[in-house]
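What's counted below: heavy atoms across the whole structure, side chains too, no hydrogens, waters or symmetry copies.
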Amino acid sequence: GTLETLLTCPATRLQILIGKFIVVVGNGFFSAGVSMLGLYIGFRSVAQIPEQMQTGIAAVLEWTTIAAVFSLLLPLTIFFAAVALSLSIYAKSFKEAQSLLMPLIMVSIIPVYAGVIPGMELSTTTALIPILNVSMAIKAIIAGAATAPLLAMVYASLIALAALSLLVCSKMFGRESAIFRSA
């Protein structure tokens, strides 16, 4: 309910959109960082972890692995932020925005879980499927099986998807009919 008030400020619509976008992306990265920190603290505080698990968890907690995972999460977070902002701009209320976002969340869970199915590998096909490609790429990075051409395909598809979603979001934010829908 504050968008109308924000639009009376001397800031342009693009500046308002960028401000909202930075907050949403920042929250996404903060959540990922807190999750990784929690994993690290949990790993360091439990002494009874079997040695095979320690080796696997230590591989996940290497700085190169963390950097690679965060670099994959950046375009994915941009995509989800732009989609969430587009839907929230369109929504007339907080409750409607939640109702519009829930199907997106439910649909995005399916490719994440499909990526951890045994036997699923990062390939030229899976590298182009949004969300599944991130799940598969992270699995390949942790296993040490990631190849540069496949990772390049994953990054290219994620960047294209993020750019497209940002374009749609900016177009939506520029439309009076989307922002000022009547109740």
Side-chain angles (χ1 to χ4, degrees), residues 1-39 63 65-115 122 126-138 141 150-183:
T2 61
L3 189 56
E4 292 84 0
T5 308
L6 280 174
L7 291 173
T8 63
C9 296
T12 65
R13 284 186 185 210
L14 181 62
Q15 290 170 330
I16 294 170
L17 180 64
I18 289 171
K20 287 181 169 290
F21 180 74
I22 288 171
V23 168
V24 175
V25 170
N27 279 331
F29 258 80
F30 180 74
S31 296
V34 167
S35 295
M36 289 302 285
L37 180 64
L39 179 64
W63 290 109
T65 305
I66 292 171
V69 168
F70 271 96
S71 70
L72 283 168
L73 291 179
L74 179 63
L76 186 67
T77 304
I78 290 171
F79 163 70
F80 276 115
V83 171
L85 278 174
S86 296
L87 291 175
S88 66
I89 288 166
Y90 180 76
K92 293 181 258 182
S93 67
F94 178 77
K95 186 176 181 179
E96 183 181 2
Q98 283 186 314
S99 296
L100 291 171
L101 286 171
M102 189 50 67
L104 172 71
I105 293 167
M106 297 303 290
V107 167
S108 66
I109 289 172
I110 295 167
V112 170
Y113 283 120
L122 185 62
T126 58
L128 298 175
I129 301 172
I131 305 167
L132 176 64
N133 58 5
V134 175
S135 179
M136 301 295 295
I138 290 172
I141 289 168
L150 288 177
L151 285 178
M153 288 178 68
V154 171
Y155 282 112
S157 69
L158 285 174
I159 290 168
L161 187 65
L164 179 65
S165 63
L166 273 173
L167 178 68
V168 168
C169 183
S170 67
K171 295 290 184 193
M172 186 123 184
F173 199 70
R175 290 182 32 218
E176 297 280 331
S177 60
I179 294 174
F180 298 113
R181 290 189 323 137
S182 59

Side chain to side chain contact (heavy atoms under 4.5 Å, CB included) against [X], all qualifying residues, sequence neighbours excluded:
| X | answer |
| --- | --- |
| Ile141 | Thr65, Ala68, Leu72, Ala146, Leu151 |
| Gln98 | Phe94 |
| Ser35 | none |

Which atom of Met136 lies closest to which atom of Leu122, heavy atoms considered: CE-N, 3.4 Å
Distance-minimising heavy-atom pair for Thr77 and Gly28: CG2-CA, 4.2 Å
Set of side-chain hydrogen bond (donor to acceptor under 3.5 Å, both in side chains) partners for Ser170, sequence neighbours left out: none
Value rounded to 0.5 Å, distance of [atom1] in [X] from [atom2] in [Y]:
| X | Y | atom1 | atom2 | answer |
| --- | --- | --- | --- | --- |
| Ser135 | Ile129 | OG | CD1 | 11.5 Å |
| Glu96 | Ser88 | CD | OG | 11.0 Å |
| Asn27 | Ile22 | CG | CD1 | 12.0 Å |

Output side-chain donor-acceptor pairs under 3.5 Å for residues 79-86, partner residues at least two apart or in another chain, one line each.
unit_1: Ser86; atom_1: OG; unit_2: Ala82; atom_2: O; d: 2.9

Using residues 153-169 as the side-chain source, report each donor-acceptor pair under 3.5 Å to any protein atom, sequence neighbours left out, with the distance given to one decimal.
unit_1: Tyr155; atom_1: OH; unit_2: Ser71; atom_2: OG; d: 2.4
unit_1: Ser157; atom_1: OG; unit_2: Ala127; atom_2: O; d: 3.2
unit_1: Ser157; atom_1: OG; unit_2: Asn133; atom_2: ND2; d: 2.9
unit_1: Ser157; atom_1: OG; unit_2: Met153; atom_2: O; d: 3.3
unit_1: Ser157; atom_1: OG; unit_2: Val154; atom_2: O; d: 3.0
unit_1: Ser165; atom_1: OG; unit_2: Leu161; atom_2: O; d: 3.2
unit_1: Ser165; atom_1: OG; unit_2: Ala162; atom_2: O; d: 2.9

